[in-house]
Visitor: 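Sharing a structure here in structure tokens format.
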Amino acid sequence: MTKITWLGHASWLIETADHCILLDPFLIDNPAATAKPEDFQSCTHILVSHGHFDHISDAAAIASQAGATVISGFEIAEWFAEKHQIKETVGMNIGGKISLPFGSVQMIPALHSNSLPDGSPAGSASGFLLTISGQRIYFACDTAFFSDMSYYAKGVDLAVLPIGDLFTMGISDSIHAIKTIEPKMVLPSHYGTWPPIAVNIQQWSEAVRSETKAEPKTLAVNDSIHLPASN
Ligand code: NI
Ligand code: MN
């Protein structure tokens, strides 16, 4: 059983029997989040999609406190090691895959800009395709729609897509993405945190139901879904 919890904005917690994985932890300055960095002392891994503040701001503190491994693009992994003395890092690049104790991680392209808070080189922004206990989970992270999403993520058990518009794709492009990816289930992300990315979530859910075959789930902050193991 894999438990997936929305921490608000684009921050996610993925828990398996033996591992606790954070994706893009943004808690202290996140007006939508109630979880605190100290809640994640037992986290084992932190995935960082890109260096923008709303994805990275609490990652170094949590990684230090928890002794968690940071997995990110090569340049960002080096930055965590050199600038934040994070001992365990995994630097990847687009298209690459690695087996980790909880499952496999593939770094997927994302059509988005990238930068680090101090101006250090940040490489490419990315998404992640996780395979955990036979379940395939696609976190698109911050991105526009691009047609190769379906090459990497066709038929995944769960797709987590940004829908807030302005900085990422919005509702109508997310529907297009769902039609091409054909996930079994879809969760929205990167919306509602601030007024510029407010959306009518009911409208999104109804559009997913009426225009695609995927099952939309909308979570309140700190709510979870469970994915059964399929092997
Ligand atoms: Ni961003
Ligand atoms: Mn963002």
Side-chain angles (χ1 to χ4, degrees), residues 4-14 21-35 37 40 46-63 70-80 83-84 91-94 105-130 137-146 148-149 152-153 159-174 177 186-199 201 204 218-219 221-222:
I4 296 172
T5 305
W6 190 37
L7 301 175
H9 192 58
S11 298
W12 294 88
L13 174 66
I14 302 137
I21 305 131
L22 279 165
L23 186 144
D24 286 353
F26 168 52
L27 304 172
I28 293 174
D29 294 328
N30 178 351
T34 61
F40 302 100
I46 303 176
L47 297 163
V48 177
S49 68
H50 66 296
H52 291 158
F53 76 97
D54 57 321
H55 299 261
I56 206 170
S57 64
D58 298 302
I62 298 171
V70 174
I71 302 144
S72 191
F74 180 80
E75 290 81 1
I76 292 178
E78 292 280 290
W79 182 82
F80 275 106
K83 301 284 171 73
H84 292 280
M92 304 183 68
N93 219 320
I94 301 297
V105 175
Q106 186 176 17
M107 182 163 262
I108 304 297
L111 207 49
H112 193 70
S113 64
N114 199 9
S115 59
L116 278 161
D118 64 359
S120 294
S124 301
S126 70
F128 294 104
L129 180 69
L130 310 184
I137 308 165
Y138 172 45
F139 285 93
C141 303
D142 283 17
T143 187
F145 170 77
F146 58 96
D148 284 350
M149 279 179 175
Y152 290 102
V160 181
L161 303 178
I163 66 162
D165 221 330
L166 188 62
F167 306 116
T168 66
M169 59 183 159
I171 288 182
S172 77
D173 283 353
S174 83
V186 60
L187 287 169
S189 186
H190 213 278
Y191 74 95
T193 321
W194 302 281
I197 57 169
V199 303
I201 194 64
W204 176 80
T218 55
L219 299 178
V221 169
N222 302 325

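Both counts, for ligands and for their atoms, begin at 1 and track the order of listing.
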Visitor: Please determine whether His50 has a backbone or side-chain N, O or S atom lying under 2.8 Å from the Mn ion (ligand 2).
Guide: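 Within the cut-off used here (under 2.8 Å), His50 places no N, O or S atom near the Mn ion (ligand 2).
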Visitor: Just checking Trp6 against Tyr191, ring centres under 6.0 Å apart?
Guide: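 Yes; Tyr191 has its ring centre under 6.0 Å from that of Trp6.
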Visitor: Output, by chain and residue number, all protein N/O/S atoms separated from the Ni ion (ligand 1) by less than 2.8 Å.
Guide: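 As for protein N, O or S atoms lying under 2.8 Å from the Ni ion (ligand 1), they are His50 NE2, His52 ND1, His112 NE2, Asp142 OD2.
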Visitor: With carbon and hydrogen excluded and only N/O/S kept, which atom of Asp142 is nearest the Mn ion (ligand 2)?
Guide: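 Result for Asp142 and the Mn ion (ligand 2): OD2.
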Visitor: What's the atom name of the N, O or S in Asp54 nearest to the Mn ion (ligand 2)?
Guide: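 Nearest N/O/S atom: OD2.
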Visitor: Please lay out, stage by stage, how Asp142 and His55 fare under the test side chain to side chain donor-acceptor pair (under 3.5 Å).
Guide: CA-CA 9 Å; Asp142 283 17; His55 299 261; 2.9 Å; yes
Visitor: For Leu116 versus Pro121, what's the shortest heavy-atom pair and its separation?
Guide: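 Minimum heavy-atom separation between Leu116 and Pro121: CD1-O, 3.5 Å.
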Visitor: Can you say whether the rings of His84 and Phe80 are parallel (under 30°), tilted (30 to 60°) or perpendicular (over 60°)?
Guide: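 Plane angle between 30° and 60°, so tilted.
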Visitor: Leu22 versus Leu47: any side-chain heavy-atom pair under 4.5 Å?
Guide: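 The answer is no, as the side chains (C-beta and beyond) never meet within the 4.5 Å cut-off.
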Visitor: Examine all N, O or S atoms of Asp24, backbone included, and report whether one is under 2.8 Å from the Mn ion (ligand 2).
Guide: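 Under 2.8 Å: Asp24 has no N, O or S contact with the Mn ion (ligand 2).
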Visitor: Looking at every non-hydrogen atom in both residues, tell me the closest pair between Val221 and Gly8 and how far apart they are.
Guide: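 Smallest heavy-atom distance, with atoms named: CG2-CA, 3.8 Å.
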Visitor: Would you call the rings of His190 and His9 parallel, tilted or perpendicular if under 30° counts as parallel and over 60° as perpendicular?
Guide: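 Ring orientation, 0 to 90° scale: tilted.
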Visitor: Which of the N/O/S atoms in His55 sits closest to the Mn ion (ligand 2)?
Guide: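 Minimum-distance N/O/S atom of His55 relative to the Mn ion (ligand 2) is NE2.
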Visitor: Looking only at non-hydrogen atoms, find the nearest pair between Ala140 and Pro162 and report the distance.
Guide: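 What the structure gives for the nearest pair is CB-CD, 3.9 Å.
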